[in-house]
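See structure below.
Predicted, not measured: the structure shown is a model, and the values here were computed from it. Residue numbers start at 1 and run along the sequence shown.
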Amino acid sequence: EAAAAGLENRVKAAKTLFRDSRLSEALAEIEAAVHDYPENTAVLLQAAQMNCLSLRLQKLLDPVVLERVQQYLARLDKLLPGNDRVTQMQRYFRETLEQLMAPQKLAA
């Protein structure tokens with residue numbers, strides 16, 4: 001129970017940092033939680049979402065963040081095959097990529 005409460009507090013701390021526009025600190029916090037709990041699907045979903053949101057907010061195709069999200073989604077797909085939340089997150093990631101790539105297509 002103590003470990004679960006500690007993990008929940010870490011995720012809440014990351015969300016708070018994110019809401020306070022402290023993106024790099026928020027991502028570092030959620031990444032640490034993923035590192036410590038690599039099979040926790042709630043943490044993986046939160047990490048994928050926060051990383052996608054950071055891409056959208058920064059309007060930047062950061063290859064490191066893109067790869068990280070892809071890894072989280074692949075892991076989630078194995079842990080929760082066919083899960084609605086995972087499917088929604090995959091769709092959100094695709095939409096994020098489309099949104100970020102649209103200006104590049106217009107420039108080409």
Side-chain angles (χ1 to χ4, degrees):
E1 282 185 34
L7 177 59
E8 187 176 327
N9 287 336
R10 290 173 75 178
V11 171
K12 284 181 183 178
K15 286 181 178 182
T16 299
L17 289 167
F18 203 89
R19 279 193 300 274
D20 291 343
S21 298
R22 295 164 60 187
L23 300 181
S24 60
E25 293 172 63
L27 292 177
E29 182 68 33
I30 199 70
E31 297 306 320
V34 169
H35 180 267
D36 293 344
Y37 300 91
E39 303 298 311
N40 186 297
T41 56
V43 173
L44 288 167
L45 277 165
Q46 190 62 52
Q49 181 179 19
M50 290 176 84
N51 278 281
C52 277
L53 281 169
S54 74
L55 289 169
R56 284 182 178 226
L57 291 170
Q58 295 177 31
K59 297 180 177 148
L60 178 66
L61 277 170
D62 182 333
V64 172
V65 177
L66 291 172
E67 183 178 335
R68 192 180 301 147
V69 174
Q70 290 170 330
Q71 289 174 351
Y72 295 155
L73 292 175
R75 199 177 310 163
L76 282 163
D77 203 33
K78 288 179 185 173
L79 294 170
L80 299 171
N83 181 276
D84 287 341
R85 289 194 64 207
V86 174
T87 301
Q88 289 172 342
M89 194 66 241
Q90 290 167 333
R91 183 174 40 248
Y92 183 71
F93 181 58
R94 281 192 308 272
E95 290 169 0
T96 299
L97 288 178
E98 290 170 8
Q99 183 182 46
L100 294 173
M101 294 176 89
Q104 293 177 357
K105 289 180 183 176
L106 293 175

- Query: Applying side chain to side chain donor-acceptor pair (under 3.5 Å), which residue pairs with at least one partner in residues 42-51 are found, sequence neighbours left out?
  - Reply: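 Sorted pair list: E31-N51, N51-R68.
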- Listed once per pair and sorted, the side chain to side chain donor-acceptor pair (under 3.5 Å) pairs that draw on residues 74-85, sequence neighbours left out: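 The answer is none; no pair qualifies.
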- Message: Could you walk me through whether Q99 and E95 satisfy the side-chain hydrogen bond (donor to acceptor under 3.5 Å, both in side chains) test, starting with their C-alpha distance in whole Å, then the side-chain angles of each, then the deciding distance to 0.1 Å, before giving a yes or no?
- Response: CA-CA 6 Å; Q99 183 182 46; E95 290 169 0; over 6 Å; no
- Please assess Y92 against L53 for the test side chain to side chain contact (heavy atoms under 4.5 Å, CB included), listing each intermediate value before the final yes or no. CA-CA 10 Å; Y92 183 71; L53 281 169; 3.0 Å; yes
- Within a strict 4.5 Å, meaning less than it, do heavy atoms of the V11 and I30 side chains meet?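 Side-chain contact under 4.5 Å: yes.
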- Should L57 and F18 be marked as a side chain to side chain contact (heavy atoms under 4.5 Å, CB included) after you check the CA-CA gap, both sets of side-chain angles, and the distance that decides it? CA-CA 11 Å; L57 291 170; F18 203 89; 4.0 Å; yes
- side-chain contact (heavy atoms from CB on, under 4.5 Å) against E8, all qualifying residues, sequence neighbours excluded: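 E8: side-chain contact (heavy atoms from CB on, under 4.5 Å) contacts with K12.
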- Task: Would you indicate whether E67, at its atom CD, is surrounded by more than 12 heavy atoms from other residues, nucleotides or ligands within a distance under 6.0 Å?
- Result: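 No, not enclosed.
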Considering non-hydrogen atoms only, spot the tightest contact between [X] and [Y] and give its length.
| X | Y | value |
| --- | --- | --- |
| N40 | A42 | OD1-N, 3.0 Å |
| A33 | L7 | CB-CD1, 4.1 Å |
| M89 | C52 | CE-SG, 3.8 Å |
| Q70 | F93 | CG-CE2, 3.6 Å |
| P38 | L44 | O-CD1, 3.5 Å |
| A14 | A26 | O-CB, 3.3 Å |

- Distance (rounded to the nearest 0.5 Å) between T16 OG1 and E25 CD: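 Reported to 0.5 Å precision, the distance equals 12.0 Å.
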- Reported CZ-to-CG distance for the pair R56 and L97, which is rounded to 0.5 angstrom: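 Going from the CZ atom of R56 to the CG atom of L97 covers 9.5 Å.
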- Message: Are M101 and L60 linked, directly or through intermediate hydrophobic residues, by side-chain heavy-atom contacts shorter than 4.5 Å (ILVMFWY only)?
- Response: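 They do not share one cluster, since no chain of ILVMFWY contacts under 4.5 Å joins L60 to M101.
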- Message: If hydrophobic clusters are built from ILVMFWY residues whose side chains come within less than 4.5 Å, do L23 and L17 share one?
- Response: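 Cluster IDs for L23 and L17 differ.
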- Task: Take L76 and T41 through the test side chain to side chain contact (heavy atoms under 4.5 Å, CB included) and record every step on the way to the result.
- Result: CA-CA 6 Å; L76 282 163; T41 56; 3.9 Å; yes
- Heavy-atom donor-acceptor pair, R10 side chain to A32 backbone, under 3.5 Å: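 Yes, the answer is positive, given that a donor and an acceptor are paired below the 3.5 Å cut-off.
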